[in-house]
2 protein chains.
Amino acid sequence: MQVTSTTEQPPKRRRDRAAREREILAAAERIFGERGYQGTSMDDIAAAVGVSKPLIYQYYGSKDGLFLACLARLRAQLLETVSDAVMAATDVENALYAGFVAWFQFLDEHPQAWSVLIDEGMLATGPMAATTEEVRNAFVELIAAMVRLNLPPSRPTDDAEIEILAHSISGATERLAIWRTRTPNPPTPQKVARTLKDLLWQGLDTLSKS
Amino acid sequence: MQVTSTTEQPPKRRRDRAAREREILAAAERIFGERGYQGTSMDDIAAAVGVSKPLIYQYYGSKDGLFLACLARLRAQLLETVSDAVMAATDVENALYAGFVAWFQFLDEHPQAWSVLIDEGMLATGPMAATTEEVRNAFVELIAAMVRLNLPPSRPTDDAEIEILAHSISGATERLAIWRTRTPNPPTPQKVARTLKDLLWQGLDTLSKS
DNA sequence: CGAGTAACTTACTGGGAGTAAGTTCCGGCG
DNA sequence: CGCCGGAACTTACTCCCAGTAAGTTACTCG
């Protein structure tokens, strides 16, 4: 009933579901990235989109559901980036290095992705544990595959041992990534990847042959 | 007003502050260990102790404060156990192994300690980040000290590199510990420690000399 | 015994997750 | 055109839990 305001957007009327979902997801990714899971309320996100809270519940079910949707997207991108780098390498030693570089670089280039994925996501308790575990397992699998590639075909594989190795490496990369985000002038992705590769490579190679 | 019940404890009357604090801390450690930080309410703990919530607030200030008090105790025990094992070893390679064994064994023997310390604590967001970071840094320092011990005295220490190594190792042990608690029949502490030591030792030794 | 204080409680506020029950808009069909 | 069915969306709650204000009870020391 007012005069038309010049600064007002053409009042965002109804959109179809898919478009709204994308809008909500984009806002959620941004705000979760800025303030973390705990620090973000559903009302915050609703306000940012210019929509009411129950609509988000209708589309995403719960706060966890929304968070998980963010997670899934980021996880897919990250996993793809890293495995592309690994696959492109010509030998296992280089694959290891290339994978590390890709990992740290991706996280540098998507800082908000990081806090969503790990800084909060990976640690979550409750219904999210399952999904974040899945994310992690994808990487553990990738690493385990690399390790197996390096085994002489004859050798009987000790699966327990390979799992230990894969989790060690996954844990080291996660921790380093978190540390880099919290440190003023972190070493470059290349430096970290190189040091990590140097730390692991000999042991990995020896274990493969023993 | 009732007849004296035979099974009833002599109705826990007032205790002095120190005793109550200990009672509360014990209950908190147990319940946080069972249900996690999020899953535990202050009323739960108050009920378990048989006391009202504001009393806990008076003694510990906040839920975080109480959690942090649990953390501090456990951290001290764990750190002491591990560093004793490290100090008792005769050379660096054995110190590494002994430290890992002590770490995994402690966590086996104090399963609830684990979920309090790491599974929730290490990942916490907000005001707890600082304290948990401190806990972790204690271990990073310990590891860094070991690495430095292994350097030939002449060599100029590359502190950035040592930090990378220390965080890698700390991350690997953390992840392995979490993984072990979530896995049905985890390998023994000795097996894990041995594999981890084998994975790291050569690289560590080479990096020290290069 | 009475006064002072430490130990403790009742009864609240506030905020955020989640929900019940509508209301408004749009497209299609007579 | 009118009107009806469903999808998009909202108002106005409930409940749970962290945290608090203000008071009450019981022990201690003079």
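Residue numbers start from 1 in every chain, and the chains themselves are labelled A, B, ... in the order their sequence lines are given, proteins ahead of strands.
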S.K.: Specify the separation, in whole Å, of atom OH of B/Tyr57 and atom C1' of D/dG23.
M.R.: 20 Å
S.K.: Please list each protein N or O that sits under 3.5 Å from an N or O in nucleotides 25-28 of chain C, with the distance.
M.R.:
| from | atom 1 | to | atom 2 | distance (Å) |
| --- | --- | --- | --- | --- |
| C/dC26 | OP1 | A/Arg13 | NH2 | 3.2 |
| C/dC26 | OP2 | A/Arg13 | NH2 | 3.4 |

S.K.: Could you pull out the protein-nucleic contacts involving nucleotides 10-12 of chain C (nitrogen or oxygen on both sides, under 3.5 Å)?
M.R.:
none

S.K.: Specify the separation, in whole Å, of atom OH of A/Tyr60 and atom P of C/dA17.
M.R.: 17 Å
S.K.: Does a sphere of radius 6.0 Å around CG in A/Asn185 hold more than 12 heavy atoms from other residues, nucleotides or ligands, not counting ones at 6.0 Å or beyond?
M.R.: no
S.K.: With sugar-phosphate meaning primed atoms plus P, OP1 and OP2, does A/Tyr59 contact a base, only sugar-phosphate, or nothing at under 4.0 Å between heavy atoms?
M.R.: sugar-phosphate
S.K.: Could you check whether any side-chain N or O of B/Ser41 sits under 3.5 Å from a backbone N or O of B/Asp44, counting only pairs where one atom can act as donor and the other as acceptor?
M.R.: yes
S.K.: Output the distance between atom CD (B/Glu174) and atom CG (B/Leu107), rounded to the nearest 0.5 Å.
M.R.: 10.0 Å
S.K.: Could you state the CG-P distance from A/Asp43 to C/dT19, rounded to the nearest angstrom?
M.R.: 14 Å
S.K.: Mind telling me whether A/Phe32 and A/Phe67 have parallel, tilted or perpendicular rings, with 30° and 60° as the class edges?
M.R.: perpendicular
S.K.: Nearest whole Å is fine: how far is C/dT19 P from A/Ile56 CD1?
M.R.: 14 Å
S.K.: Run the salt-bridge test on B/Asp16 and B/Arg22 with the 4.0 Å N-O cut-off and return the result as yes or no.
M.R.: no
S.K.: Give a yes/no verdict on a cation-pi contact between B/Lys63 and B/Tyr37, requiring under 6.0 Å between NZ or CZ and the six-membered ring centre and an angle within 45° of the axis.
M.R.: yes
S.K.: Verify, without hydrogens or angle tests, whether B/Arg180 (side chain) and B/Pro187 (backbone) share a donor-acceptor contact under 3.5 angstrom.
M.R.: yes
S.K.: With under 30° as parallel and over 60° as perpendicular, where do the rings of A/Phe104 and A/Phe100 fit, or are they tilted in between?
M.R.: tilted
S.K.: Give me the atom names and distance for the closest heavy-atom approach of A/Ala144 to A/Ile162.
M.R.: CB-CG2, 3.9 Å
S.K.: Rounded to the nearest angstrom, tell me the gap between atom NZ in A/Lys63 and atom C1' in C/dT19.
M.R.: 17 Å
S.K.: Measure the distance from CD on A/Glu23 to C1' on D/dC9 and round it to the nearest whole Å.
M.R.: 13 Å
S.K.: Round to the nearest Å and state the distance from A/Arg20 atom CZ to D/dT10 atom C1'.
M.R.: 12 Å
S.K.: Rounded to whole Å, please give me the gap between CG in A/Asp64 and P in C/dG18.
M.R.: 7 Å
